[in-house]
Trainee: 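I have a structure I would like to understand better, so I am pasting it below and will then ask my questions one at a time.
Count residues from 1 along the sequence. The structure displayed is predicted, hence computed values, not measured ones.
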Amino acid sequence: MSKFILTFLLLLSVSWVWAQSEELTDEEQASYRALADSIESSLIYQHGTIDLENGMATLHVPEGYKFLDAKQSAYVLTDLWGNPPSPVLGMLFLEEAGPLSDSLTYAVEISYSEEGFIDDEDAQDLDYDDLLEEMQDDAEEGNVARAEAGYEAVHLVGWAAAPFYDADNKKLHWAKELQFEGEPVSTLNYNIRVLGRRGYLNLNAIGGMEVLPQFQQDVDQVLASVSFNEGHRYSDFNPDVDRIAAYGIGGLIAGKLLTKVGFLAVLAKFWKVIALAVAGAFGAFRKKIFPSKS
């Protein structure tokens, strides 16, 4: 399978170059589509109610979405998109899109972090402008580590959507606009955190900045789709036995995500290949394979 993926990625890159310079032959088009279709058709999606983390939480797949389980999501993130291996509970895709489809606009990675109970008392006192400045400074410092790890610098431009904390439902969400060095357009990183007894669920959406209006329309149903089950909820915290996290809401937002070599870094870097090659090459293919009748 690894050899197959490498072949596909090579063909993907070569096809992008070809698409910019000349028409592809029918055989080249067919080979390209066959490889992509083979991968897409091998993925099995789910709908309805999904148990997460051995019953710790429940996901009700939102209308218009489909869910990819942990094993397949790890395959997509690591083998297809080139990320280092890391724990993942699953991914959400829009119903009409897949990881290599030309209609892909964004994907939502779902994971769980057991870092302790997060005290939310600081939420009402946070100054998000001050927090943003601290995060921007941290991002620039983090670029040193990123360079050592072989990744380009990434700059935190600002809030794409200011943080909002729903104290009643213990759900936090915000969006950052990121600029990866050498990339002509900014990247959207939309973060959702659902607080629980011993940690939190992460739902991270990655795409181009143009995706923001669409995701803002969708975010309410995504937020409502996931929750911790009884015994694991925020209200189930027991100070006698449960560990308390070393940070609060401010620390959760600030997090050292920009220095982490993981989903954010690599997907944003690889997004150029996905977005340009798929949209560009498949767009060129579509014109030739499915010419307009108008």
Side-chain angles (χ1 to χ4, degrees), residues 9 12-13 16 73 76-78 80-84 86 88 91-94 97-111 128 131-147 149-164 172-193 202-219 222 252-281 283:
L9 294 179
L12 186 70
S13 301
W16 167 242
S73 294
V76 168
L77 290 169
T78 302
L80 290 186
W81 289 356
N83 289 272
S86 62
V88 60
M91 297 181 73
L92 286 172
F93 288 89
L94 290 171
L100 295 175
S101 63
D102 56 346
S103 56
L104 178 64
T105 53
Y106 68 84
V108 181
E109 178 203 23
I110 305 173
S111 61
Y128 293 128
L131 184 59
L132 176 61
E133 290 184 8
E134 294 178 13
M135 292 169 64
Q136 288 172 325
D137 290 340
D138 288 343
E140 296 309 314
E141 292 179 8
N143 281 328
V144 176
R146 290 178 58 83
Y151 290 87
E152 71 276 28
V154 57
H155 308 287
L156 174 54
V157 178
W159 300 124
F164 177 80
L172 170 71
H173 60 104
W174 72 98
K176 297 182 294 239
E177 179 180 353
L178 305 175
Q179 181 65 52
F180 283 78
E181 195 165 304
E183 299 298 326
V185 295
S186 296
T187 295
L188 172 69
N189 178 214
Y190 208 110
N191 305 265
I192 295 173
R193 303 291 182 264
N202 305 279
L203 289 84
N204 289 331
I206 304 291
M209 281 302 300
E210 71 279 0
V211 173
L212 180 60
Q214 178 185 358
F215 193 75
Q216 286 180 317
Q217 291 181 346
D218 300 340
V219 70
V222 174
L252 182 58
I253 296 173
K256 299 295 182 179
L257 293 179
L258 293 179
T259 62
K260 177 183 177 183
V261 179
F263 176 74
L264 169 61
V266 181
L267 178 53
K269 181 178 181 181
F270 201 72
W271 191 269
K272 181 179 180 181
V273 178
I274 297 173
L276 294 183
V278 173

Trainee: Do you know which of L77, V108, L203, I110 makes side-chain contact (heavy atoms from CB on, under 4.5 Å) with M91?
Mentor: L77
Trainee: Taking N191 for the side chain and N189 for the main chain, is one N or O donor matched with an acceptor at less than 3.5 Å?
Mentor: yes
Trainee: Can you name the nearest heavy-atom pair linking V211 to T105, along with the distance?
Mentor: CG2-O, 3.5 Å
Trainee: Show the nearest heavy-atom pair for residues Q214 and L94, with the distance to one decimal.
Mentor: NE2-CD1, 3.1 Å
Trainee: Just by modelled atom types, is the A160 backbone N or O under 3.5 Å from a matching donor or acceptor in the E177 side chain?
Mentor: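 A pair under 3.5 Å: no.
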Trainee: Could you tell me the separation between the CD atom of Q216 and the NE2 atom of H173, rounded to the nearest 0.5 Å?
Mentor: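 If I round to the nearest 0.5 Å, the distance is 9.5 Å.
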Trainee: What's the shortest heavy-atom distance between V76 and P99, and which atoms?
Mentor: CG1-CB, 3.7 Å
Trainee: Report the distance from atom NE2 of H155 to atom OG of S186, rounding to the nearest 0.5 Å.
Mentor: 10.5 Å
Trainee: Which atom names give the shortest non-hydrogen contact between N143 and V154, and what distance separates them?
Mentor: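 Of all heavy-atom pairs spanning N143 and V154, the closest is OD1-N, 2.8 Å.
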Trainee: Locate the shortest heavy-atom distance separating G208 from L188; write the atom from each residue and the value.
Mentor: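 Heavy atoms only, the tightest pair is O-CB, 3.7 Å.
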Trainee: Atom CD1 of I253 and atom CG of L132: how far apart are they, to the nearest 0.5 Å?
Mentor: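 The distance works out to 11.0 Å.
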Trainee: F93: which residues meet the ring-ring contact (aromatic ring centres under 6.0 Å, His included) condition with it, sequence neighbours left out?
Mentor: none
Trainee: Is any side-chain heavy atom of V88 closer than 4.5 Å to a side-chain heavy atom of E109?
Mentor: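 Counting from C-beta outward, V88 and E109 do come under 4.5 Å.
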Trainee: Looking at every heavy atom in both S101 and G98, which two are closest together, and how far apart are they?
Mentor: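 Heavy atoms only, the tightest pair is OG-N, 2.7 Å.
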Trainee: Take R193 and N204, measure what side-chain contact (heavy atoms from CB on, under 4.5 Å) needs, and give me the verdict at the end.
Mentor: CA-CA 9 Å; R193 303 291 182 264; N204 289 331; 2.9 Å; yes
Trainee: Are a donor atom and an acceptor atom from the side chains of Y190 and D218 found within less than 3.5 Å of each other?
Mentor: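 There is no such pair (donor and acceptor under 3.5 Å, judged by atom type) between the side chains of Y190 and D218.
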Trainee: With no hydrogens and no angle check, is any side-chain donor or acceptor of Q179 less than 3.5 Å from a backbone partner on T187?
Mentor: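 No: the side chain of Q179 does not pair with the backbone of T187.
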Trainee: Under the criterion side-chain contact (heavy atoms from CB on, under 4.5 Å), which of W159, F164, W174 is the partner of Y128?
Mentor: W159
